[in-house]
Amino acid sequence: MGYDFNAIEEKWLRRWKEGKAFEPKIGGKKFLLTVPWPYCNGALHIGHGRTYTVGDIVSRYRRMAGFNVLYPMGFHISGTPILAFSKKIEHGDPATVNLYRSYLELYGDDPSRVSEFSVPSNIASYFSEKIINDFTNMGFSIDWTRKFTSGEPIYNKFIGWQFRILQEKGLIKRGDYPILYSAEEGNPVGEDDILEGDTDKVSITQFTGVFFYAGDDILLASTVRPETLDGVTNIFINPDAEYCRIRMDGKNFIVSKRAFEKLKYQRDAEFVSDVSVKDFLHRSVKEPLNSREIPILPGKFVDPAIGTGVDYSVPAHSIWDHVGLMEIGERPEYIRVIEIDGQPMDMEAIRKKFGISGLGDREKLVDATKYVYEQEYYHGRLVRGKYSGSVVKDVKDEIVESLVRSGIAIPVYETSRKAETREGNPVIVAVIKNQWFIDYSIEEWKEKVRGLLERMDLRPENLKNQFVQTVEWIKERPCARKRGLGTRLPMDEDWVIESLSDSTIYTVVYTIIPFLRKMIFEEIDDDVFNQIFFGKGDVSRKSETTRNAIEEARREFLFWYPVDLRHTSYPHISNHLTFYLFNHVAIFPPEEWPVGISTGGMVISEGQKMSKSKGNVYPLLTIKRKYGADLFRMYLASNADVWYDVDWRTSEVENYSKKLEKFFSLLDEARGVQGMPEDRDLWIVSRMAERIEKSSRNYEMMKIREATVDLFFNALNDIRDLESFAGRERTLRAVKMFGVQWALSLSPVIPFLAEEIFSMYGGKGFASLQPYPSIENIYKEHEKEWEFIESVIDDFRGITKVSNIKPKRMTVGIAEEWKWNLLEESKRKDIREMIKEADQEKRDFLIALIKKKDLKQSVRDEEGVLNKYRDDLKNYLGIEVVISRDPNFTRKSLPGRPSLRLD
RNA sequence: GCGGGGGUUGCCGAGCCAGGUUAAAGGUACCAGACUUAAGAUCUGGUUCCGUAGGGAUUCGGGGGUUCAAAUCCCCUCCCCCGCACCA
């Protein structure tokens, strides 16, 4: 018979709410725990539940460990996705409309309401409400009185304040910045906007456009290998493509027409005239380094849509160029620029090695090119020019910079692959002029963050390395975009602060939001925030209401902040979490800087990444209805350590359900049983005492899996063993002794069941608010005795298994006195010394002692223990136990490991 | 490439940092037995190989080394996953 988890969960949800169980007031030892706020553009699935569940288990444990815990939550609505979805719904995009209809259906709402979602704020408000509901149902001990969204006016004021501070401190700057862009749509495009952008990522590649002079014109040849410029032998242009003359920076450039269409989004470029390929072919141009005259040759392999459509040829280091020349029957003198271990790579040999017969072997050419590039990039040394002697990868960036500085090259950006938007338009690279950045590259700033990392509590331990690495690598980050929801950039209202940049110190708002809301909105300005956070804004002219609220807010901020633990999943390390550290360090004094960060794994489902097409995405709501929150939490907690991915397998989930039922009915039944437990069953109390104590440490170190497996699965196995040995009745009497403590120890993981059991056992108040339990371990000896009996049973089984007999009697040969004496001695002395002095017999024994360390834990009075369990052994194994001390028989006996004879 | 994490017994997954209690937790799957009209559920035992006495042999991606002793420490090598930015 199962238990009605739905009824139990509903009951305790109601009582927690009525009792305001998780709405802490200031006072005592505080613990502020945050998990990044969810982005509310759709229904939550099991993957979303993970980090919040871990956060909740931690907060619940901390609460029981005596901390005043605040676990707050808000909602993120900044950025483009919500906007994009509402736009699609407005336009009636069938896939999106269906998706949102299905969400509405899932939550039992009228699917026709989908049209409301054409207003972005409706998406945000609808789903934030559902998330509150879902999270509450999962038993998360969140203080919802402190919720807010990244889109509301009070928050906009706060972010405005933050950015003005960043600006004052000189951490914000402007500059040109390349981004992926759709010319047709007039928008930057993100991963989500690109066709197959999530599976096949598109990035920005920087080419170098090198100037080759042809009279008044400059052929702009683009390359990703400017280090080979010294080896140029000719220019390739595609004889079948269209080229044109354009004007940039007061000069005339020749590029393909396709290139111009993109280039004009990267810099000021004006069309001058079409040009004919024939006018250029076989003319010569001057290369910019040494003014050598080189010819322009036809290269059909040159793609006018990539780069500038003009290619400079370095046949000594490019397989394309080598084969290209071969095909048109040209064989200029190759100029070697790079050597590996003193040897240049031989393009002809590589051509043969890859089996390339001509330009038609595109794939092989691509492979060969990759091979050549990699070899020369990582292992090649330059042998000409001013960088002669350097390894390519060490000086490549410098080379590009120096070419640009000398005015003979410009950067040209290209996408890493050909890509189009979901609407079917080409994706190009555009350069945004005067893009706003937060300049994370400032060395003093980085240094402060490194200092912070030194003192932080980071889990898992390797997290520190990852952060140090990220801090090393981080540079300017664009912090605003021209579209999306969010806060307008205070210094330039055309821009909206980008969604990761507006969520770096928001955790502080949790501490003050209820008091901000008490203020008169119009009065909230920078002075208010300065007063709350630094105690130094002039607020004397505010209304009394506002001034009182400011005082309260300051008190709460000082009490709750900093964040003691921020927990999230590992993909946040190199972005959000790092910004989080940087911004705290920039804005707040050191005592308000983050104390701890932990990162966790993701959720995969049925052994695979979740995806709609695989049908393995399960909404949180469905899970709760079908299995209950406790089961979900138990599964997440025990399936994998926090830092690893959890695999949700429906078939295993079912088994958890049975285990929880067993747990519940066991404790339920034990409650009603009469009489005291047998003395010889009390070992199980000792085990439980140890488990509870050990798990406390594990919870604290966030080894949640270990705590759960031990407290739940291993404990249930003990009980199973006891039951099969001693029967149900005796087991229940023993279990009754620790039922309450057991349930309480599991309360962080399965809070609903814990509440129910706690109250069934007559507990007053909430289990969730009880101190973490402990059991005085007064039955340690019983445990050792039981371990002895267990090992005898184990040996008995071993023998019967191989000998195939059904014994009636078991003769137990207990080890001789001298062995026990040596064992005692070995605890005090160096066993190696003892071995040297011992005779053959003693030596064998001592070596056995080293091998079996646990023998040192043996119970001394084995005969007494066997007598104590004599009747149980007869019942359980169907044998009579006879003790023997016959020296012929006990020769092989060890303390804790008696000889056995069955007959 | 850089950085991080992995490769364990049918599968999932502990153990490895602090070498011996480890043929290696736990779960799952499978086999046998009990219960049952039967199935399911539940319970019991088993699941590397050999062995009619608790033993032995081999095993933790591959190779080598340190050690009385290595899944655990060191070196080399192969393979897999994740992050690398404007995207929440």
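We name chains A, B, ... by the order of the sequence lines, and we start the count at 1 in each one.
- Note: CD1 (A:Ile438) to C1' (B:rA85) measures 13 Å, nearest angstrom.
- Of the two residues near RNA chain B, A:Asn462 and A:Arg720, the one whose nearest nucleotide lies more 5' is A:Asn462.
- Panel note: side chain A:Asn575, backbone A:Pro571; a donor-acceptor pair is recorded below 3.5 Å.
- Within the 4.0 Å cut-off from OP1 or OP2 of B:rU44, not a single side-chain nitrogen or oxygen of A:Tyr876 is found.
- Straight-line distance between the C1' atoms of B:rU8 and B:rG3: roughly 26 Å, to the nearest whole Å.
- With rounding to whole Å, A:Tyr39 atom OH is found 7 Å from B:rA88 atom C1'.
- The closest side-chain donor-acceptor pair between A:Ser441 and A:Asp439 falls under 3.5 angstrom.
- B:rC12 sits 25 Å from B:rG20 when the P atoms are compared, rounded to a whole Å.
- When each of A:Asn714 and A:Asp641 is assigned the nucleotide of RNA chain B bearing its nearest heavy atom, the one mapping closer to the 5' terminus is A:Asp641.
- At B:rG83, none of the side-chain N or O atoms of A:Asn575 fall inside 4.0 Å of OP1 or OP2 (strictly under the cut-off).
- Among the heavy atoms of the strands, none lies under 4.0 Å from A:Tyr656.
- A gap of 32 Å separates the P atoms of B:rC11 and B:rC2, to the nearest Å.
- Phosphate contact (OP1/OP2 of B:rA88, side-chain N/O of A:Thr80, threshold under 4.0 Å): present.
- Note on A:His76: only backbone sugar-phosphate atoms sit closer than 4.0 angstrom, heavy atoms only; bases stay farther off.
- Using a 4.0 Å heavy-atom criterion, one finds that A:Ile179 contacts no nucleic acid atom at all.
- One finds a side-chain N or O of A:Lys662 lying less than 4.0 angstrom from the OP1 or OP2 phosphate oxygen of B:rC43.
- Comparing the same atom, P, in B:rG10 and in B:rC49 gives a spacing of 10 Å after rounding to whole Å.
- Phosphate proximity of B:rA88 to A:Arg481: present, with a side-chain N or O under 4.0 Å from OP1 or OP2.
- Side-chain N/O atoms of A:Ser499 include one lying less than 4.0 angstrom from OP1 or OP2 on B:rA88.
- Looking at heavy-atom distances under 4.0 Å, A:Pro898 makes contact with a base.
- In this structure B:rA53 sits in no base pair that meets the Watson-Crick or G-U test at under 3.5 Å.
- For residues 633-642 of chain A, the pairs satisfying salt bridge (charged side-chain N to carboxylate O under 4.0 Å, His left out) are A:Asp56-A:Arg633, with sequence neighbours left out.
- As rounded to the nearest Å, B:rA23 and B:rG54 have P atoms that lie 16 Å from one another.
- Taking only side-chain nitrogens and oxygens, A:Arg897 comes nearer than 4.0 Å to OP1 or OP2 of B:rG55.
- Comparing the C1' positions of B:rG13 and B:rA25 gives a spacing of 10 Å, expressed to the nearest Å.
- Atom CD1 in A:Ile204 sits roughly 10 Å away from atom C1' in B:rA85 (whole-Å rounding).
- Using atom P as the reference point in both B:rC60 and B:rC73, the two lie 15 Å apart (nearest Å).
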Legend entry - Per-nucleotide protein contact string for nucleotides 29-35 of chain B, where B marks a base within reach and S marks sugar-phosphate only (heavy atoms under 4.0 Å, - for neither): -------
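- Distance from the side chain of A:Arg901 is smallest for B:rA53 among the nucleotides B:rA53, B:rC87, B:rG54.
- Searching all strands for a Watson-Crick or G-U wobble partner of B:rU37 with both distances below 3.5 Å returns nothing.
- A salt bridge does not link A:Glu472 with A:Lys446: none of the charged nitrogens is closer than 4.0 Å to a carboxylate oxygen.
- The residue A:Leu500 sits close to a base: some heavy atom pair falls under 4.0 Å.
- Here A:Arg705 does not reach the OP1 or OP2 of B:rA14: none of its side-chain N or O atoms lies under 4.0 Å away.
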